[in-house]
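For reference, the structure discussed in these notes is given below.
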Amino acid sequence: MGAGTVDYDSVMNLALERGFYFPSGGPYADAQAGFWEYGPNGVGLKARFVELWRRSLVRRAGMMEIDGSQVMPPSVFEASGHLAGFTDPVVQCTACSATYRADKLLEGDASLHEGSSPSEIDAAVAARGVSCPGCGGALGPSRRFNMMFGLGIGPGAEPAYLRPETCQSIFVDFPRIYKTMRGRLPLGIAQVGKSFRNEIAPRQSLLRLREFYQAEIEVFCNPNRLDDIKAFGEVAGTAIRLHDGSATREVTCERAVETGAIANRTVAYHVGLLAEFYERAGIDMKRTRFRRLSETEKAFYATTALDFEAEVSTGWLELVACNYRADYDLSGHAKRSGEKFEVMDGDEKVLPHVFEMSMGIDRSLYTILEHSLREDAENDRTVLSLRPHMAPVQVGVLSLVKKDGLAERTEEIYRSLREEHSAFLDHSGAIGRRYRRLDEAGAPLAVTVDHQTLEDGTVTLRRRDTMAQERVRVADLAGAIRAEVAFPAA
RNA sequence: GCGAAGUUAGUAUAGCCUGGCAGUACACCAGCUUCCCAAGCUGGGAGCCGCGGGUUCAAAUCCCGCACUUCGCACCA
């Protein structure tokens, strides 16, 4: 099947029909856009994605994982720069009420800078005589639109915010974790959880949400020892696809450092682990790239920035932002809080630098679905070829026919498997229909009980991708499934 | 936020112009059949027709408002 025959709509349809995800607030008309729910199969896929992330990144690189609060006080976001920087100055036309970003309309105006006040922007609008690009009407006064959701805590409605990224608690907690958990540089601290952004125009289901999952990793390192990574050899030969703005070329992590395409081994090591993780997650790596961001695209804190992107039917999609943030975060929190964020690295006292990998989980799951879905025209079926260790349903347990005690025997086998494996019991309808349903949900294996089972204690084990079957003794079944769905390791 | 088009069962849709019992296909459930790949037969469940208001004896249908979706613009740590 050609890649082009699977598009956004067929993934969306699969998601709705097979319980992967659907809009939140179903029956109510005032449900806002940008909020989606995961159904049973979506939860299963997400759980396995996160488990693979823990194995392939957190545990493999000896990181520590925390789980921080989603609500944080204003001071955190003063220190992080979000209160000042996570806002867009907007102006609205008084005639047609179209809204524009003021800094885009005034691009190139030397009197303005990031964080110009509304009055400075109004002055620039007046001085240059800017009017509405749409209808030519007069522009109203500018205001700042902050993308953070504000909250009122307690009866006094004390201000607080839903976090717009998970990582701030990692920075705030870093000194405590480093001390109490006996950390040593370089130290990765990881967190998976929800973040919230008040997007003006959320679109395309999981691709742009107002409430979404992130998996973030902050690697704290000594800026003087960025090439001092013991495990670098593990990924030295790992290929990554680097995109420099015009061309994409595949290089090994080692070569990327030698040629200066990647600044140091700390960055290259983690980028290599990331690439291996996504390969294991079932994304088609030939349709991915690490894109180097230009100066104008970089976030305001980043000194070097790579976006890990995947090609899907709607275009290139950013899955992970990899930023070298230097000491921006720790020095910001040190200054705002008055606490000390320096730590000892051997006999050297350093304020660690941070390399961040900020992963969008929802987008990653969408990409896995799109890259895994195929139409098998020859056998007239739709197949979700998830890697076996990623599948929300690992094994279907079917009776070929219900009578002569086959149903009862099937249920016994189902009960013996379901605690260890995600199993699905099905008696009803034609066997081919049941196989196809399992194919569409991505179940890699199906066990079928037939009359021979009653005679010799064997069942058939069918593989989703090839439709091939073999006979397996019931006693060996759990082991066979375990081997098939095991998580990969280096 | 702007513009356009939409919103009817799990999914895709007909009906709307011209107001009068909400239908079809696939999917789903049960039974029969069937010893391995969406077969067939019989039966069944499923929808406050996006939400709210108005007109009318009567609204999926006409009018108004709102929400959401898609596409384009704009936006996007």
Side-chain angles (χ1 to χ4, degrees), chain A residues 8-10 12-19 22-35 39 80-82 85-88 90-93 95-105 132-135 137 145 147-148 164-165 167 195 197-205 207-210 214 216 293 297-302 305 307 314 318 320-323 325 356 358 360 376 378-382 398-404 406 427-440 446-454 459-462 464 467-469 471:
Chain A
Y8 174 80
D9 288 334
S10 44
M12 192 67 235
N13 207 48
L14 177 85
L16 291 173
E17 289 196 354
R18 294 291 168 210
F22 45 85
S24 182
Y28 293 104
D30 56 354
Q32 301 283 359
F35 300 93
S80 71
H82 284 87
F86 199 54
T87 59
D88 294 326
V90 294
V91 287
Q92 196 164 24
C93 173
C96 70
S97 71
T99 303
Y100 301 95
R101 268 188 58 172
D103 53 339
K104 295 282 177 184
L105 290 183
C132 174
C135 73
F145 175 72
M147 303 244 306
M148 287 195 292
E165 56 183 9
C167 60
S195 292
R197 292 179 193 172
N198 199 358
E199 296 282 352
I200 296 170
R203 286 280 162 92
Q204 292 179 313
S205 61
L207 304 191
R208 197 145 158 228
L209 295 160
R210 286 181 167 136
Q214 289 185 301
E216 293 196 293
L293 270 58
E297 284 178 300
K298 280 182 198 170
F300 62 81
Y301 50 69
D307 275 358
T314 57
E318 177 191 340
V320 188
C322 305
N323 294 306
R325 300 167 67 121
E356 165 188 82
S358 173
D376 179 358
E378 190 184 338
N379 295 297
D380 189 28
R381 59 177 190 153
T382 300
L398 317 176
S399 51
L400 188 56
V401 294
K402 261 182 280 192
K403 59 187 181 186
D404 302 332
L406 291 190
H427 295 306
S428 70
I431 191 74
R433 178 183 297 276
R434 283 177 276 163
Y435 285 145
R436 269 155 185 75
R437 262 199 298 258
L438 290 166
D439 290 342
E440 236 176 271
V447 167
T448 304
V449 173
D450 55 19
H451 281 103
Q452 196 182 328
T453 308
L454 303 182
V459 293
T460 62
L461 186 64
R462 172 195 185 261
R464 173 196 64 207
M467 298 170 69
Q469 289 176 283
R471 288 209 81 89

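Naming: A, B, ... by sequence-line order, numbering from 1 per chain. Heavy-atom basis, side chains included; hydrogens, waters and symmetry copies ignored. Predicted, not measured: the structure shown is a model, and the values here were computed from it.
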Query raised in the report: Taking the side chain of A:R203 as heavy atoms from C-beta outward, which of B:C73, B:A38, B:C36 is closest to it?
Result: B:C73
**Report entry** Nearest listed nucleotide, side chain of A:R462, among B:C37, B:C75, B:U70
**Finding:** B:C37
[X] has an atom [atom1]; how far is it from atom [atom2] of [N], in whole Å?
X      : N     : atom1 : atom2 : answer
A:H427 : B:U33 : NE2   : C1'   : 18 Å
A:N379 : B:A39 : CG    : C1'   : 16 Å
A:M12  : B:U69 : CE    : P     : 11 Å
A:D439 : B:A38 : CG    : C1'   : 10 Å
A:D9   : B:U70 : CG    : P     : 10 Å
A:F22  : B:G10 : CZ    : P     : 12 Å
A:L16  : B:U69 : CG    : P     : 13 Å
A:Q214 : B:A77 : CD    : P     : 13 Å

Contact between [X] and [Y] at the side-chain level, heavy atoms closer than 4.5 Å - yes or no?
X      : Y      : answer
A:R381 : A:E440 : no
A:S358 : A:Q214 : yes
A:L398 : A:L438 : yes
A:N379 : A:R436 : yes

Minimum heavy-atom separation for [X] to [Y], with atom names?
X      : Y      : result
A:R210 : A:P202 : NH2-CD, 3.5 Å
A:A305 : A:N323 : CB-OD1, 3.2 Å
A:Y8   : A:S205 : OH-OG, 2.9 Å
A:E356 : A:C167 : OE2-SG, 3.7 Å
A:T448 : A:S399 : CG2-C, 4.5 Å
A:V447 : A:V459 : CG1-CG2, 3.7 Å

Using atom [atom1] of each nucleotide, how far apart are [N] and [M] to the nearest Å?
N     : M     : atom1 : answer
B:C68 : B:C28 : P     : 33 Å
B:A9  : B:G47 : P     : 10 Å
B:U56 : B:G19 : P     : 16 Å
B:A59 : B:C26 : P     : 33 Å
B:A60 : B:G20 : C1'   : 13 Å
B:A77 : B:U11 : C1'   : 37 Å
B:U61 : B:U7  : C1'   : 15 Å
B:C66 : B:G3  : P     : 11 Å

Which part of the nucleic acid does [X] contact within heavy-atom distance under 4.0 Å: base, sugar-phosphate only, or nothing?
X      : value
A:Q204 : sugar-phosphate
A:E440 : base
A:N13  : sugar-phosphate

Query raised in the report: RNA chain B: A:M467 or A:K403, which has the more 5' nearest nucleotide?
Result: A:K403
Query raised in the report: Toward the 5' end of RNA chain B, which comes first, A:G34 or A:D380, by nearest nucleotide?
Result: A:D380
Query raised in the report: Do NZ/NE/NH1/NH2 and the carboxylate oxygens of A:D450 and A:R471 come within less than 4.0 Å?
Result: yes
Query raised in the report: Salt bridge between A:R462 and A:D439, side-chain N to carboxylate O under 4.0 Å?
Result: yes
Requested in this report: Report yes or no: is there a donor-acceptor pair, N or O only, under 3.5 Å between the side chain of A:R434 and the base of B:C37?
Outcome: no
Requested in this report: Going 5' to 3' through nucleotides 26-32 of chain B, assign each nucleotide B (protein heavy atom under 4.0 Å from a base atom), S (under 4.0 Å only from sugar-phosphate atoms) or - (no protein heavy atom that close).
Outcome: -SSSSS-
Requested in this report: Under the side chain to side chain contact (heavy atoms under 4.5 Å, CB included) rule, what do A:R197 and A:E165 come out as? Steps first, then yes or no, please.
Outcome: CA-CA 8 Å; A:R197 292 179 193 172; A:E165 56 183 9; 4.2 Å; yes
Heteroatom pairs (N/O) under 3.5 angstrom, protein to nucleotides 65-67 of chain B:
from	atom 1	to	atom 2	distance (Å)
B:A67	O2'	A:A29	O	2.4

Query raised in the report: How does RNA chain B look in dot-bracket form if you count Watson-Crick and G-U pairs under 3.5 Å, write [ ] for pairs that cross, and put | where a base pairs with another strand?
Result: (((((((..((((......[..)))).(((((.......))))).....(((((..]....))))))))))))....
